[in-house]
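The structure appears right after this line, and notes come after that.
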Amino acid sequence: MAVDYRFDWSVLPHHADALLRGALLTLQLTSTTIVLGFFLAVVCAGLRGSGPVWARTLVGIYVEVIRNTPFLIQLLIIFIGLPSAGIRLNANAAATLAMTLNFGAYGCEIVRSGIEAVPYGQIEAGRALGLGRLNIFRHIVFPQAIRACYPALASQFTIVMLGSSVASAIGADELSATANIVQSQTFRSFEIYLAVTGMYLVLALTMRLILRVIHKMFFERSNAIA
C-alpha cells in the first residue's frame with residue numbers, strides 16, 4: 001500500500017507560542033509536584049521507618065493503594081469524584097494534587113531505602129553525642145540517605161515530568177493538552193505530535209543534565225571530601 005502523506009510544517013510557527021506556554025506550564029506543574037511530593041515522601045519515609053504503629057499502618061496503606069492503582073484513576077477520583085463530596089478543584093490544582101500524592105508514595109519507598117542504607121552504628125554514635133531523634137535524622141541520617149537514593153529520585157523526577165501528560169485527560173493547561181487543542185484547530189496531527197515529542201525529549205534531556213550537574217556538585221564532591 002502506497003503512503004502518500006505530505007508534511008506541512010508551516011502550521012508550527014503560527015502555534016509556537018501556545019506550545020511554548022504549554023511547555024512552561026508542564027515545567028511549572030512538574031516543579032511544584034517535585035517540591036511538594038518530595039516533602040511528603042520524606043515525612044512518610046520517616047513515619048514508616050520509625051513512627052508509631054498507627055502512622056506506619058496509614059502510610060503503608062497509602063503507599064500500597066497509590067502504587068497498585070492507575071494514575072489516571074487517581075486523577076479522575078480527585079477531579080471528578082471529590083466534587084461529589086463538596087470539594088471542587090480546577091484542573092491544574094487537581095493535577096498537582098494527584099501528581100503530588102502519586103510521587104509522594106513512590107518517593108517514600110525510595111527515601112526509605114536510603115534511610116535503611118545508613119549504618120545503624122552512626123545513629124548510635126549520634127545518641128552517644130547526646131543528639132535527639134530529630135537532630136540525628138536531620139544531621140546524620142537524612143544527608144546520607146539522600147546521597148544514597150539520589151539516582152533513583154532523579155529518575156523519578158523525570159518520570160513525573162513525562163507523566164504530567166496524563167493531566168491532559170482533565171484539561172490541565174500543560175503541553176499535551178495544548179497539543180490536542182492545536183491539532184484540533186489545524187488537523188495536522190502528525191506534525192503537531194511529532195513536534196511535541198521533540199519538545200518532551202528536549203525537556204527530559206535538559207532535566208537529566210541539570211540533575212546530573214546537581215549530583216556532581218553536591219554528592220560526588222561530598223564523597224570525595226569523605
With side-chain contact (heavy atoms from CB on, under 4.5 Å) as the criterion, how do L97 and F79 come out once you've worked through the C-alpha distance, each side chain's angles and the decisive distance to 0.1 Å?
CA-CA 10 Å; L97 178 58; F79 185 63; over 6 Å; no
Checking side chain to side chain donor-acceptor pair (under 3.5 Å) for the pair E174/Q28: CA distance, chi angles, key distance, verdict?
CA-CA 9 Å; E174 46 72 62; Q28 182 180 346; over 6 Å; no
E109 and R112: CA distance, side-chain angles, deciding distance, salt bridge (Lys or Arg N to Asp or Glu O under 4.0 Å) verdict
CA-CA 5 Å; E109 292 303 277; R112 189 165 70 99; 2.9 Å; yes
Hey, mind stepping through Q144 and I115 against side-chain contact (heavy atoms from CB on, under 4.5 Å) and telling me if it holds?
CA-CA 8 Å; Q144 297 186 70; I115 291 174; over 6 Å; no
Using the rule given for side-chain contact (heavy atoms from CB on, under 4.5 Å), can you reason through Y106 versus V160, listing the C-alpha separation, both sets of side-chain angles and the distance that settles it, and then say yes or no?
CA-CA 11 Å; Y106 285 93; V160 167; over 6 Å; no
Decide yes or no on side-chain contact (heavy atoms from CB on, under 4.5 Å) for L131 and I140, but give the supporting numbers first.
CA-CA 10 Å; L131 297 177; I140 296 176; 4.1 Å; yes
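With contacts defined as side-chain heavy-atom distances shorter than 4.5 Å, the pair V42/F137 qualifies. The shortest distance between side-chain heavy atoms of R21 and T178 does not fall below 4.5 Å. Side chains of Y193 and N180 form a contact here, defined as non-hydrogen atoms less than 4.5 Å apart. No side-chain heavy atom of V118 sits under 4.5 Å from any side-chain heavy atom of F142. The closest side-chain heavy-atom distance from F7 to L194 is below 4.5 Å. Side-chain contact between T186 and V182: present, with at least one pair of heavy atoms (C-beta onward) separated by less than 4.5 Å. Side-chain contact between V63 and V59: present, with at least one pair of heavy atoms (C-beta onward) separated by less than 4.5 Å.
For the atom pair CG of L82 and CD1 of I87, the computed distance is 5.0 Å after rounding to the nearest 0.5 Å. The SG atom of C44 sits 9.5 Å away from the CZ atom of F39 when rounded to the nearest 0.5 Å. Rounding to the nearest 0.5 angstrom, the gap separating the CZ atom in R188 from the OG atom in S184 is 14.5 Å. M161 contributes atom CE, which lies 8.5 Å from atom OG1 of T206 (distance to the nearest 0.5 angstrom). L19 contributes atom CG, which lies 7.0 Å from atom CG of L12 (distance to the nearest 0.5 angstrom). Here I181 contributes atom CD1 and I192 contributes atom CD1; the two are 12.0 Å apart, rounded to the nearest 0.5 Å.
Annotation for W9: atom CH2 counts as buried by contact number, over 12 foreign heavy atoms lying within 6.0 Å.
Both L211 and I110 are assigned to one and the same hydrophobic cluster, defined by single-linkage of ILVMFWY side chains at heavy-atom distances under 4.5 Å. Hydrophobic cluster membership is shared by V166 and M199, with clusters built from Ile, Leu, Val, Met, Phe, Trp and Tyr side chains linked at under 4.5 angstrom. Criterion: ILVMFWY side-chain heavy atoms under 4.5 Å apart, direct or through other members. Under it, L134 and I123 are not part of a common hydrophobic cluster. Note on V65 and I80: separate hydrophobic clusters, where clusters join Ile, Leu, Val, Met, Phe, Trp and Tyr whose side-chain heavy atoms are under 4.5 Å apart, directly or indirectly. Cluster annotation: F71 is connected to F38 through the hydrophobic network of ILVMFWY side chains, with a link wherever side-chain heavy atoms come within less than 4.5 Å.
Ring-centre distance between F103 and F157: below the 6.0 Å cut-off.
Closest approach of A167 and A95 over heavy atoms only: CB-CB, 3.7 Å. Smallest separation of non-hydrogen atoms from L75 and A94: CD1-O, 4.0 Å. Listed here is the closest heavy atom pair of V196 and A179: CG2-CB, 3.5 Å. Here the closest heavy-atom approach between residue D8 and residue E191 is recorded as N-OE2, 2.8 Å. When every heavy atom of R48 is checked against every heavy atom of R56, the shortest pair comes out as O-CD, 3.2 Å. The two residues L36 and T96 come nearest to each other via the heavy atoms CD1-CG2, 4.4 Å.
Judged by distance alone, the side chain of Y62 and the main-chain N or O of L101 form a donor-acceptor pair under 3.5 Å. No side-chain donor-acceptor contact under 3.5 Å links D173 to the backbone of G22. Counting only distance, with no hydrogens or angles, the side chain of R133 and the backbone of S50 share a donor-acceptor pair below 3.5 Å. Formation of a donor-acceptor pair under 3.5 Å by the S164 side chain with backbone atoms of T30 is not found in this model.
Through ILVMFWY side-chain contacts below 4.5 Å, V202 is grouped with nothing and stands alone. The hydrophobic cluster around I73 extends to I77, counting ILVMFWY residues whose side-chain heavy atoms fall within less than 4.5 Å of a member.
No hydrogens or angles considered: a donor-acceptor pair under 3.5 Å links the side chains of Q183 and S189. Side-chain contact of S165 with Y200: a donor-acceptor pair under 3.5 Å is absent, judged by distance alone.
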